[in-house]
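The figures here come from the full heavy-atom set of this structure, side chains too, leaving out hydrogens, waters and symmetry mates. Protein chains get the first letters and strands the later ones, always in sequence-line order, with residue 1 at the start of each.
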Number of protein chains: 2
Amino acid sequence: MTITAESLSIAQMAEATGLSTHTLRYYEREGLMFAPVDRASSSHRRYTEADVTWVSFLTKLRSTGMPIRDVRRYVELARDGDGTMPERLALLVQHRERVLAQLEEVTASLAAIDYKITLYEGHTS
Amino acid sequence: MTITAESLSIAQMAEATGLSTHTLRYYEREGLMFAPVDRASSSHRRYTEADVTWVSFLTKLRSTGMPIRDVRRYVELARDGDGTMPERLALLVQHRERVLAQLEEVTASLAAIDYKITLYEGHTS
DNA sequence: GTTTGACTTCGAGCGCGCTCGAAGTTTTAC
DNA sequence: GTAAAACTTCGAGCGCGCTCGAAGTCAAAC
């Protein structure tokens, strides 16, 4: 396995992105890769720097709770070219709003939990 | 169905907590209720104000992502009396730390998404 | 040229948290 | 008294997001 500046094996990609090789193949199957992943003559996957960049962003979408199906929709739009930029923007903006709402809910719930913690601390001190 | 200040039917409880009747029964089955739910002579559930208070808190635990099994652990401890207060405190504190870490991760990812949004806005204006 | 290990595809399985529906009982309204 | 609505238990099903394992191929090391 030759390491070049240009391409990564799936194991190296897993290392680079923090995802498992299983998850990388799964995401590809689910249509979440922007472009088809290159293959070596052996049919082994070869990831580019652009793939790393995209998967890193996709991971941020996922870590904020965007469903797989919405990520798929986003990449499908991206593949369709510049004309879909407004729609992609709308998708991201809508997602941001949902995330902010959820952050607020979690923060509010956490405040109640914190209050309970102070009660416990009062009783055990 | 008589409405008293003292007890609620499952439908009223659903209304009061924002959960479905299915979910209320599910939580009970999973051992998440602090005390056994009262029954009318007809074997219909009768919820008390204390039940509302507890389910409201349980909902906050859930909305911050505490797994069912941890909520169960928490109520089991609570049922075992005051001696378990340090352990319950530890459980909540540990949960708070996980939630804060996740809030940070989500916030960081959201910043990257926001950045992408500004790029799109630059291109479409 | 043989061994070792990283890769391939494919489909099945799993853990979580509900969610639903069937079949039967009870309550309420008329 | 009767019809409709609300309840009961129970077990099955579902959507999501992986996760795993089997069976086979390929390549680098020796």
Using a strict heavy-atom distance below 4.0 Å, which residues from residues 57-74 of chain A are in contact with DNA chain D?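 Correct list: A/R62, A/P67, A/I68, A/R69.
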Between [N] ([atom2]) and [X] ([atom1]): distance, integer Å:
| X | N | atom1 | atom2 | result |
| --- | --- | --- | --- | --- |
| A/R45 | C/dT8 | CZ | C1' | 7 Å |
| B/M13 | D/dA6 | CE | C1' | 17 Å |
| B/L24 | C/dG17 | CG | C1' | 14 Å |
| A/L8 | C/dC7 | CG | C1' | 15 Å |
| A/E28 | C/dC7 | CD | P | 14 Å |
| B/H44 | C/dG24 | NE2 | C1' | 11 Å |
| A/L19 | D/dG17 | CG | C1' | 12 Å |

If you only use heavy atoms from C-beta on, which nucleotide in [options] is closest to the side chain of [X]?
| X | options | value |
| --- | --- | --- |
| B/R29 | D/dG21, D/dT8, C/dC20 | C/dC20 |
| A/R25 | D/dA27, C/dT8, D/dT8 | C/dT8 |
| B/S9 | D/dT8, D/dT19, D/dC7 | D/dC7 |

Just wondering, are more than 12 heavy atoms of other shown residues or ligands nearer than 6.0 Å to [atom1] in [X]?
| X | atom1 | result |
| --- | --- | --- |
| B/Q102 | CD | no |
| A/E30 | CD | yes |
| A/E76 | CD | yes |

Salt bridge present between B/R39 and B/E28 (N-O < 4.0 angstrom):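 So B/R39 pairs with B/E28 through a salt bridge.
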Check this for me, if you would: do A/R45 and A/D51 make a salt bridge, where the nitrogen-to-carboxylate-oxygen distance has to be below 4.0 angstrom?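 Salt bridge absent between A/R45 and A/D51.
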Looking at [X], does any N or O in its side chain come under 4.0 Å of the phosphate oxygens OP1/OP2 on [N]?
| X | N | value |
| --- | --- | --- |
| B/Y26 | C/dC20 | no |
| A/Y27 | D/dC18 | yes |
| B/S42 | C/dT27 | yes |
| B/R46 | D/dT8 | no |
| B/S20 | C/dC18 | no |
| A/S41 | D/dA27 | yes |

Can you measure from CG (B/L100) to CG (A/D114) and round to the nearest 0.5 angstrom?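 One finds 7.5 Å between CG of B/L100 and CG of A/D114.
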Taking A/R98 for its side chain and A/M66 for its backbone only, find out whether a donor-acceptor pair lies under 3.5 Å.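 No.
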Strictly distance-based, threshold 3.5 Å: is any side-chain N or O of B/Q12 a donor or acceptor partner for the main-chain N or O of B/S9?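 Here the side-chain-to-backbone pair exists.
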Which is more 5' along DNA chain C, the nucleotide nearest A/I10 or the one nearest B/H22? Just name the residue.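 The residue mapped nearer the 5' terminus is A/I10.
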Specify whether A/W54 and A/Y74 have parallel, tilted or perpendicular ring planes, treating 30° as the upper limit for parallel and 60° as the lower limit for perpendicular.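 The rings of A/W54 and A/Y74 lie parallel, inter-plane angle below 30°.
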A/L32 and A/Y26: side chain to side chain contact (heavy atoms under 4.5 Å, CB included), yes or no, with the steps? CA-CA 9 Å; A/L32 306 192; A/Y26 167 69; 5.9 Å; no
Treat a base pair as Watson-Crick or G-U wobble with both distances under 3.5 Å, then lay out DNA chain C in dot-bracket form, 5' to 3', with | for cross-strand pairs. ||||||||||||||||||||||||||||||
